[in-house]
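Here the structure comes first, spelled out in structure tokens, and everything after it is commentary.
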Amino acid sequence: MNQSVPLTNLQTRDISSVLHPYTPIHRLGEIGPLVIERGEGVFVYDTQGRDYIEGMSGLWCAGLGFGDEEMIDAATEQLRTLPYYHLFGAKGTESAIELAEKLKEIAPVPMSKVFFTSSGSEANDTQVKLAWYMNNAKGRPNKKKIISRMKAYHGVTVMSASLTGLPYNHIGWDLPVDRVLHTDCPHYYRFGQDGETEQEFLNRIVGSLRDLIEREGPDTIAAMIAEPIMGAGGVIIPPAGYYPAIQALLDEHDIIFISDEVITGFGRTGNWWGSQTVNMRPTTISTAKQLTAAYAPLGAVMVPEDIYQAYVDHSKQIGTFGHGFTYGGHPLGCALGVKAIEIYQKRDIIGHVRSVAPVFEARMKKLTDHPLVGEVRHCGLVGAVELVADKATKRSFDPKKGVGAQCAKFCEENGLIQRAIVDSIAFCPPMIITEAQLNELFDRFEKALAACEAWVS
Ligand code: PLP
């Protein structure tokens, strides 16, 4: 916040009462809060009436933008009919049944059952518990470790934050818990060694996963979890051939592959699922965010029939399947999930993503000439621009300088909301964005980048 401008009443009240997630809270009064009042299409407006293009769909989730009348009508109708019910103790609701059926229809591999949660973190937490439950059911009580990757983001509950591979989710939080192993991040630009080709890099990191599995013992490892494209780690797209190579290792050792499609589901990468875009064959899937286009909180885990049968066997012995959340499968979330999928289909949102993706790509590529830009990464309508201190050597800025955060601040001043992931600026605009709006987004970003260049020099 520009301290010469007095804080509004809402900003003052916010500072005195709200604990903000993912915020340097010691500097809250300096950097914000930016209080958002309303949204329309790809724009949000603050309490002063200033417009911002929401270049991140909020938190990678509001894929249909803001104020969609069909979504609002679906929510209103559901609230009138049944504002709350649950699925515990063999209860059901029409919206949960319909959404589970629709998810099975569009799943990238045959799925048998859908378990609903309220968030992506709960979905991934559930995945781990289900993997443990399955292996107990199969009489393999030692097969419990979960492999994740450095820079992965899988959420913030105790287990999902442990799966996450980012320092600020571990340091100071007594995490990760044991049974979680982190393997290499598949980012060639950052982790490729001097003189190493992309193929050599790929061979090295797949070899290191093989070593990890052998060292730990395949009989102790239940699952590997991966975002098809890493989101909050910096929008990292692995080299071609990465997933098939990993898949072969996991198959060899009977390790299930959990696809965390919380960001990449529902058209974001130009296909229904990110796993389809990157040639990954999941055993089970986590989803949330664009599942309801963020009009209500909801997450889901999809599992295939053979795995479901293991739960049934175990439930026979134990008596009940002891897992579930009060708001998992909330009728409002499920009704909005059904409506969102219907809209994605009837408005051909995936076709739209594919048709505007070349503009996204072209404007991203144009940024590579900028002196601060080390690498641009993009797929469908998700991407990132990595800012560097030295293009030739790929040297990063001193993290204490906070260049990414400052660049995001300049975006805000230019009417654009982007997210800084250390020094990468992430892009994930609502999937309904038009070509003209995409160009406007990048015009605003270029102004922010120019301000950032002047600021660093
Ligand atoms: N998985 C991925 C890939 C995510 O990007 C996120 C959130 O950004 C999560 C899981 C956690 O989801 P939630 O914030 O709904 O708990």
Side-chain angles (χ1 to χ4, degrees), residues 20-23 54-63 115-129 146 148-166 168-170 173 175-176 180 182 185-186 223-238 257-269 273-275 277-278 280 282 284-302 325 327-330 333 336-337 340 377 379-384 417-422 424 426-428:
H20 284 265
Y22 282 105
T23 300
E54 227 317 338
M56 279 303 293
S57 305
L59 293 173
W60 328 77
C61 51
F115 180 86
F116 289 111
T117 67
S118 318
S119 69
S121 298
E122 286 177 0
N124 289 329
D125 223 89
T126 294
Q127 289 274 15
V128 173
K129 288 185 71 180
I146 314 287
S148 182
R149 299 176 297 178
M150 252 89 82
K151 290 211 172 196
Y153 190 82
H154 298 295
V156 293
T157 57
V158 170
M159 182 45 80
S160 64
S162 295
L163 298 174
T164 290
L166 296 167
Y168 51 74
N169 293 104
H170 294 166
W173 300 101
L175 296 174
V180 175
H182 288 96
C185 170
M224 174 160 175
I225 184 165
E227 303 150 83
I229 289 174
M230 283 180 166
V235 188
I236 295 159
I237 305 163
F257 207 2
I258 303 168
S259 180
D260 180 347
E261 296 264 9
V262 168
I263 288 179
T264 51
F266 305 98
R268 176 54 64 190
T269 67
W273 305 98
S275 50
T277 304
V278 299
M280 172 183 184
T284 64
I285 292 176
S286 294
T287 175
K289 296 195 190 263
Q290 294 195 145
L291 170 59
T292 61
Y295 277 66
L298 190 74
V301 169
M302 290 185 252
F325 302 99
Y327 301 116
H330 194 289
L336 286 167
R377 307 182 278 272
C379 177
L381 272 184
V382 61
I417 297 186
Q418 298 302 147
R419 192 170 172 77
I421 300 169
V422 194
S424 286
F427 290 73
C428 187

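Remember, predicted model here, so these are calculated numbers, not experimental data. Both counts, for ligands and for their atoms, begin at 1 and track the order of listing.
Protein heavy atom closest to atom 1 (N) of ligand 1, with residue, atom name and distance, is D260 OD2, 2.7 Å. In this structure, atom 8 (O) of ligand 1 lies nearest to the protein heavy atom K289 NZ, 2.8 Å.
Where the criterion is an N or O separation shorter than 3.5 Å, residue side chain and backbone included, E122 fails it with respect to ligand 1. In terms of polar-atom proximity, defined here as any N/O pair under 3.5 Å, I263 makes no such contact with ligand 1.
Listed by atom number, the atoms of ligand 1 under 4.0 Å from S119 heavy atoms are 15 (O), 16 (O). For ligand 1, the atoms closer than 4.0 angstrom to any heavy atom of V262 are 1 (N), 2 (C), 3 (C), 4 (C), 6 (C), 9 (C), 10 (C). Below 4.0 Å from some heavy atom of G120 lie the following atoms of ligand 1, by number and element: 11 (C), 12 (O), 13 (P), 15 (O), 16 (O). Of all the atoms in ligand 1, the ones that sit under 4.0 Å from a non-hydrogen atom of S121 are 11 (C), 12 (O), 13 (P), 16 (O).
A distance-only check finds no donor-acceptor pair linking the side chain of T292 to the backbone of A288 [under 3.5 Å].
Under 4.0 angstrom from ligand 1, the non-hydrogen atoms of E227 all belong to its side chain. Of the heavy atoms in N124, only side-chain atoms (C-beta onward) come closer than 4.0 Å to ligand 1.
Using a 30° and 60° split on the angle between ring planes, H182 and H170 fall in the tilted class, from 30° to 60°.
When all heavy atoms of W273 and E261 are compared, the pair lying nearest together is CB-OE2, 3.5 Å.
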